[in-house]
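For this chain, numbers begin at 1 and follow the sequence in order.
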Amino acid sequence: MNVPPINADAELDPVGIFRTIDFQGLSSVIVAVSGGSDSLALLHLLLAYRELKGLVPKIVAVTVDHGLRRESAEEARFVSKLCEDAGIAHQTLNWRGTKPDTGISAKARDARYDLLRKAARDAGTDVILTGHTLDDQIETFVMRSVRTGAMGTGRGLAVMAPATLLEREIWLIRPLLDIPREKLRNYLRQHNISWRDDPTNDDLKYERVRVRKALQSADRDGLEREIAQRAGARRELNSQVAQVLSSCATIHEDRVEVSRAELFKHEPDVQDLTIGVLLAAMGGQSFLPSADNCAKASQHLGSKASSGRRTLHRCVLQLRIDKAIIYRENRSLPEIVVETGETAVWDGRYRITNCSGRAIKVVAAGAAEPVPSMVSSPVVLLDDESAVPMDQAKLPGGISVARHLALFDHVLSGYDEILAKSVAKLFRLQDYKPCPVNQVNKN
C-alpha cells in the first residue's frame, strides 16, 4: 500500500478533509478499516495528510471481524497485509460469543464500537476515525424520514454528527461525511488501490440496500441541503434550551423544580425540548419522549391549575402554584447486584462502582422513604438487610456512586454537546470531554 502522491487528486484535498481535527496532544489515533472502499480511502487520505502536515500521531488500523460472514476473516487478513506493507500498526478484533437472532445490525454496531473503544484505550488515545460518507448520511436520512413520519420531532433527521462521544470516554470522528462514496472510489482507482466489497451491500433483504437502489435517481443535492438545514436547526434549538435550563430548572436531590413562568416565556419548541430533556434525565431514559408526550407535558405545566399531577416517560409531573416538580415515578424500579470490581448503572440514573471486596445489592428506597420523590431513589442493602442511601459519606468503603445521564452518557451526538454540558452543569456533574473537531465547519 503506497502513500498517494501529494495533491494527486485536486478534488480530494487531505488538508481540507482533516483541517478541523485537533491532533495535537494525541500519541496515537485509531482508524477503523474494514477493507471496503470508504475506510481504505480514509486511511490513504490520512497518510497523505501526514505527509503534508506531519501533524498526525501514530496510526493504528483496527479491523473488527463480526464473524457473521465466511469472507470476513479473509478480509481482515487483506487489511492486515496492506498495513504491514505500509508500515502501519494493525490489529483484528473479533466479536465473540453467541450472535443474536434479531436486531443483528444494531447489535453488531454496538459490538463494533465497544471493540473500537477497547482498542483506543489500549492505544492510549480518545479518538477513533471512521469512514462514514455522504452516501451513508443520505441513506440514513431517508430511512429515518420514513420511520419518523408526521408525528416525529425531526431531531433524528440531522442524522450523523461529524463527531460522537462514546461512554463519556472516546470521540468517534467521521471526516468523510460530506464526500460521496464514488469520489472516494475514484481516488482509490487513480492510485491503483483495490478494496473488498461486502456482498451484503447488494442483498435486498436489508433496508439500507433497498434505499440505496432507490436513491440512484433521487435529488441527492436537495437531500444534502435538507440534512444540513436539519443539523443547523438542531444545534440552534439545543443552544436555546441550554440557556433556558440554566434559568428555569433547579435540582433538589431526586427531583427537579421548574419555574412555570420562566419556562413559558419561550417558544413552544423550546418548551417541549426543555421538558423532554428533564423527563429523560429524571426518568433514566436514553431517549427523549415522543413529540406527542412532550406536547402533553407542556400542556400540563402550562395550565392555569395550581395543583394536579400526571405521569409521563416514567416521571411524575406535580404542579404547584408557581412551579412544577418532576421526579421518577415509583414503578418498574430494578434490583441489581454489583459484583466486586464491577461498575453498573441502576435505573439509567446512577452509576455504581463496587470495590468493597463483596457483592452488593441495589434496590429502590420504597415506602420507607417519606418524601415522595425519594421513594424511587436507590439504596444499598447490607448483609443485615439495612438500607444505606446513595450518600457518598454514608456508603461503606470501596463503594462509589455518581449520577448517570442515560440520554447522553452512552452516546452523545456532537450536535447535542452544548445541551449535554448544560444538563451536566445542572446536575453538578463532571463536564463532558471537549470535542476535538470544529463540527460547524465540517457539516
Side-chain angles (χ1 to χ4, degrees), residues 1-6 8 12 14-15 17-67 69 71-96 108-133 163-167 169-176 184 187-188 191-196 198 433 436-437:
M1 180 167 62
N2 299 318
V3 178
I6 305 304
L12 282 182
V15 174
I17 291 171
F18 297 104
R19 73 184 186 280
T20 58
I21 301 175
D22 182 8
F23 289 109
Q24 294 186 5
L26 294 176
S27 60
S28 60
V29 61
I30 298 294
V31 183
V33 185
S34 66
S37 58
D38 304 346
S39 59
L40 281 180
L42 171 66
L43 182 59
H44 276 283
L45 288 162
L46 185 62
L47 290 170
Y49 179 72
R50 183 171 67 178
E51 290 292 312
L52 279 166
K53 292 293 187 179
L55 297 176
V56 180
K58 177 184 178 182
I59 297 172
V60 180
V62 175
T63 303
V64 175
D65 181 358
H66 296 94
R69 296 181 293 107
E71 306 90 347
S72 62
E74 194 281 326
E75 290 164 0
R77 290 191 292 270
F78 167 73
V79 176
S80 179
K81 182 62 167 62
L82 291 178
C83 291
E84 181 182 354
D85 292 344
I88 299 170
H90 175 266
Q91 54 184 289
T92 298
L93 301 179
N94 296 283
W95 182 22
R96 302 192 184 280
R109 181 185 61 245
D110 289 344
R112 179 166 62 254
Y113 287 165
D114 285 345
L115 289 168
L116 289 171
R117 283 194 302 112
K118 179 182 183 302
R121 285 196 301 269
D122 292 344
T125 185
D126 59 2
V127 171
I128 299 168
L129 303 183
T130 67
H132 294 100
T133 69
T164 296
L165 183 62
L166 304 176
E167 303 294 345
E169 176 188 20
I170 307 292
W171 278 103
L172 186 146
I173 301 174
R174 307 175 177 96
L176 308 182
L184 294 169
Y187 178 82
L188 294 176
H191 303 296
N192 297 315
I193 301 166
S194 62
W195 65 86
R196 298 297 173 91
D198 181 344
K433 183 176 293 188
V437 179

Ignoring hydrogens and angles, tell me if any N or O in the side chain of S28 forms a donor-acceptor pair with the backbone of I59 under 3.5 Å. no
To the nearest 0.5 Å, how far apart are CG in L82 and CZ in R77? 13.5 Å
CD on E74 to CG on D65, rounded to 0.5 Å: 11.0 Å
Without swapping roles, check the side chain of H66 against the backbone of A108 for a donor-acceptor pair under 3.5 Å. yes
Correct closest heavy-atom pair for A76 and H90 would be O-CE1, 3.9 Å
Taking all non-hydrogen atoms of both residues into account, name the closest pair between L176 and G131 and its distance. CD1-CA, 4.1 Å
Between the side chains of K118 and D122, is the shortest nitrogen-to-carboxylate-oxygen separation below 4.0 Å, so that they form an ion pair? yes
Residue pair S39 / S34, side-chain heavy-atom distance below 4.5 Å: yes
Apply side-chain contact (heavy atoms from CB on, under 4.5 Å) to residues V62 and V31 and explain how you reach the verdict. CA-CA 6 Å; V62 175; V31 183; over 6 Å; no
Shortest non-hydrogen contact from A123 to S27? O-OG, 4.1 Å
What heavy-atom pair brings S194 and L40 nearest, and what distance separates the two atoms? O-CD1, 3.4 Å
Evaluate the side-chain contact (heavy atoms from CB on, under 4.5 Å) criterion for residues Y113 and T164: first the C-alpha distance (whole Å), next the side-chain angles of each, then the deciding distance (0.1 Å), finally the verdict. CA-CA 11 Å; Y113 287 165; T164 296; over 6 Å; no
In plain terms, say whether E169 and R117 are close enough for a salt bridge, that is, a side-chain N and a carboxylate O under 4.0 Å apart. yes
Nearest 0.5 Å, please: how far is CG in L166 from CH2 in W171? 9.0 Å
What I'd like to find out is whether the side chain of Y49 reaches to under 4.5 Å of the side chain of I17, using heavy atoms alone. no
One pair to check against side-chain contact (heavy atoms from CB on, under 4.5 Å): H44 and L42. What are the steps and the verdict? CA-CA 6 Å; H44 276 283; L42 171 66; over 6 Å; no
Please enumerate all residues that pass side chain to side chain donor-acceptor pair (under 3.5 Å) together with W95, with sequence neighbours excluded. none
For E75 and R69, run salt bridge (charged side-chain N to carboxylate O under 4.0 Å, His left out): C-alpha distance rounded to whole Å, both residues' side-chain angles, the deciding distance at 0.1 Å, then the answer. CA-CA 10 Å; E75 290 164 0; R69 296 181 293 107; 2.8 Å; yes
What closest approach, in Å, do T125 and I170 show between heavy atoms, and which atom pair accounts for it? O-CD1, 3.5 Å
Non-hydrogen side-chain atoms of L47 and I88 separated by less than 4.5 Å: yes
Examine distances only and state if a side-chain atom of T63 and a backbone atom of V33 form a donor-acceptor pair shorter than 3.5 Å. yes
Should the heavy atoms of other residues, nucleotides or ligands under 6.0 Å from CZ of R121 be counted, would the total exceed 12? yes
Within this structure, what is the CG-CG distance for the pair L172 and L165, rounded to the nearest 0.5 Å? 10.0 Å
Is there side-chain contact between K433 and D126, with at least one heavy-atom pair below 4.5 Å? yes
Do V64 and L116 have side chains that approach each other closer than 4.5 Å (heavy atoms only, starting at C-beta)? yes
Nearest heavy-atom contact between Y187 and A48 is OH-CB, 4.2 Å
L188 CG to L43 CG distance, which is reported to the nearest 0.5 Å: 10.0 Å
Hey, does V127 have a side-chain heavy atom less than 4.5 Å from the side chain of I30? no
Do the non-hydrogen side-chain atoms of L129 and P175 ever get within less than 4.5 Å of each other? yes
Measuring from atom CG of L93 to atom CZ of R112, what distance do you get when rounded to the nearest 0.5 angstrom? 12.5 Å
Can you find a pair of side-chain heavy atoms, one from F18 and one from I173, that are under 4.5 Å apart? no
Could you walk me through whether R50 and L55 pass the side-chain contact (heavy atoms from CB on, under 4.5 Å) check? CA-CA 6 Å; R50 183 171 67 178; L55 297 176; over 6 Å; no
